[in-house]
**Student:** 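The structure that follows is given in the form of structure tokens.
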Amino acid sequence: MDKELLNNYKNTDYWFAVGKKTITLTIGQKNNDFDRLCERFDQTTGTFITACNPQSQLLTKSENKSRNEQLVTRLEQMNEIHCFSGEGQDRDKQWPPEASFMVLGLKKKTAIDLAREYQQNALVWIEYQQAAVLIDV
């Protein structure tokens, strides 16, 4: 992945909703709200993933919606995970928000495989009591 694209991903807020509460992940930072969510659901890992805009090629809203519906169908087939809806939005607002999902309980390899399946450049990975990291897939 080129340096500019990597910087854009790092300059993005990754938020998801848990009931009425919003949790925002920032690359390189720990998140106490995420840790409490892990404790609540007895999980230790989370991935923030989307099927939108493969390889950072902007698609229409309907194309992205269809791709994310396919991703949701795949996630619904998995056991022992918890999924929350959210969005990724770059802080400079140069790119439209991407509908995304925080998925608790995936193994890292499974998360990477899903990102590759939906032609994503990267995903956000976070572990209990650790900082969120960007994984280039």
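Note that the structure is a prediction, hence the values are computed from the model and not measured. Numbers here are sequence positions counted from 1.
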**Student:** Is the backbone of Lys108 close enough, under 3.5 Å, to the side chain of Thr110 for a donor and an acceptor to pair up by distance?
**Tutor:** no

**Student:** Are Ile126 and Leu25 packed together at the side-chain level, in the sense that at least one heavy-atom pair is separated by less than 4.5 angstrom?
**Tutor:**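 SC-SC contact between Ile126 and Leu25 confirmed.
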
**Student:** Could you list all the ring-ring contact (aromatic ring centres under 6.0 Å, His included) pairs where at least one residue sits in residues 43-72, not counting sequence neighbours?
**Tutor:**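 Applying ring-ring contact (aromatic ring centres under 6.0 Å, His included) to every pair that reaches into residues 43-72, excluding sequence neighbours, yields Tyr14-Phe48.
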
**Student:** Return the minimal non-hydrogen interatomic distance between Pro96 and Leu58, and the atom names on each side.
**Tutor:**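 The answer is CG-CD1, 3.8 Å.
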
**Student:** By side chain to side chain contact (heavy atoms under 4.5 Å, CB included), which residues pair with Asn79, not counting sequence neighbours?
**Tutor:**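 If we apply the side chain to side chain contact (heavy atoms under 4.5 Å, CB included) test to Asn79, skipping adjacent residues, there are no hits.
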
**Student:** What's the shortest heavy-atom distance between Asn68 and Ser100, and which atoms?
**Tutor:**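 Closest approach of Asn68 to Ser100: ND2-N, 4.3 Å.
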
**Student:** Does a side-chain heavy-atom distance below 4.5 Å link Leu104 with Phe34?
**Tutor:**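 They are in side-chain contact.
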
**Student:** Does a side-chain heavy-atom distance below 4.5 Å link Val124 with Val133?
**Tutor:**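 Answer no - side chains too far apart.
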
**Student:** Would you please name every residue forming a side-chain hydrogen bond (donor to acceptor under 3.5 Å, both in side chains) with Asn31, sequence neighbours left out?
**Tutor:** none

**Student:** Using residues 111-119 as the side-chain source, report each donor-acceptor pair under 3.5 Å to any protein atom, sequence neighbours left out, with the distance given to one decimal.
**Tutor:**
from	atom 1	to	atom 2	distance (Å)
Asp113	OD2	Lys109	NZ	2.8
Arg116	NE	Val137	O	3.1
Glu117	OE1	Arg74	NE	3.3
Glu117	OE1	Arg74	NH2	2.9
Glu117	OE2	Arg74	NE	3.1
Tyr118	OH	Gln70	O	3.3
Gln119	OE1	Arg67	NH1	3.4
Gln119	OE1	Arg67	NH2	3.1

**Student:** Please list, one pair per line, the donor and acceptor atoms closer than 3.5 Å that link side chains of residues 37-46 to other protein atoms, with sequence neighbours excluded.
**Tutor:**
from	atom 1	to	atom 2	distance (Å)
Glu39	OE2	Tyr128	OH	2.5
Thr45	OG1	Leu106	O	2.9

**Student:** Who are the side-chain hydrogen bond (donor to acceptor under 3.5 Å, both in side chains) partners of Trp15, not counting sequence neighbours?
**Tutor:**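 Testing Trp15 for side-chain hydrogen bond (donor to acceptor under 3.5 Å, both in side chains), a comparison that skips the adjacent residues, returns none.
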
**Student:** Would you compute the distance between atom CD1 of Ile49 and atom CZ of Phe101 and round it to the nearest 0.5 angstrom?
**Tutor:** 9.5 Å

**Student:** Give me the atom names and distance for the closest heavy-atom approach of Asp35 to Glu127.
**Tutor:**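 So the two residues come closest at OD1-O, 4.4 Å.
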
**Student:** Say you draw a straight line from CG of Asn64 to CG of Leu71; how long is it, rounded to the nearest 0.5 Å?
**Tutor:**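 Answer rounded to 0.5 Å: 11.5 Å.
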
**Student:** NZ of Lys3 to CG of Leu5: how many Å apart, nearest 0.5 Å?
**Tutor:** 13.5 Å

**Student:** Using the test side chain to side chain contact (heavy atoms under 4.5 Å, CB included), find all partners of Glu69 that sit at least two apart in sequence or belong to another chain.
**Tutor:** Lys65

**Student:** Going by atom type alone, with no hydrogens or angles, which donor-acceptor pairs under 3.5 Å involve a side-chain atom of residues 80-91 and a protein atom two or more places apart or on another chain?
**Tutor:**
from	atom 1	to	atom 2	distance (Å)
Gln89	NE2	Trp95	O	3.0
Asp90	OD1	Gln94	N	3.4
Asp90	OD1	Trp95	N	3.0
Asp90	OD2	Lys93	N	2.9
Asp90	OD2	Gln94	N	2.7
Arg91	NE	Asp13	OD1	3.0
Arg91	NH1	Asn11	OD1	3.0
Arg91	NH2	Thr12	O	3.4
Arg91	NH2	Asp13	OD1	3.2

**Student:** Using side-chain hydrogen bond (donor to acceptor under 3.5 Å, both in side chains) as the criterion, list what pairs up with Ser56, not counting sequence neighbours.
**Tutor:**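 For Ser56, the residues satisfying side-chain hydrogen bond (donor to acceptor under 3.5 Å, both in side chains) (neighbours in sequence not counted) are Tyr9, Asn121.
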
**Student:** Does Lys21 have any salt bridge (Lys or Arg N to Asp or Glu O under 4.0 Å) partners at least two apart in sequence or in another chain, and if so, which?
**Tutor:**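 Applying salt bridge (Lys or Arg N to Asp or Glu O under 4.0 Å) to Lys21 gives Asp33.
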
**Student:** Look only at the side chain of Thr22 and the backbone of Phe16, and say whether a donor-acceptor pair between them is shorter than 3.5 Å.
**Tutor:**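 Side chain of Thr22 to backbone of Phe16: no pair is present.
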
**Student:** Using the side-chain hydrogen bond (donor to acceptor under 3.5 Å, both in side chains) criterion, which residues pair with Thr60? Sequence neighbours excluded.
**Tutor:** Ser62, Glu63

**Student:** Atom CG in Asn7, atom CD1 in Ile27: separation rounded to 0.5 Å?
**Tutor:**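 CD1 of Ile27 is found 12.0 Å from CG of Asn7.
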
**Student:** Is the side chain of Thr50 donor-acceptor paired with the backbone N or O of Cys52 at a distance under 3.5 Å, no angle test?
**Tutor:**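 Yes; judged by distance alone, with no hydrogens or angles, the pair exists.
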
**Student:** Answer yes or no: does atom CD of Glu4 have more than 12 heavy-atom neighbours from other residues, nucleotides or ligands under 6.0 Å?
**Tutor:**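 Result for CD/Glu4: open.
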
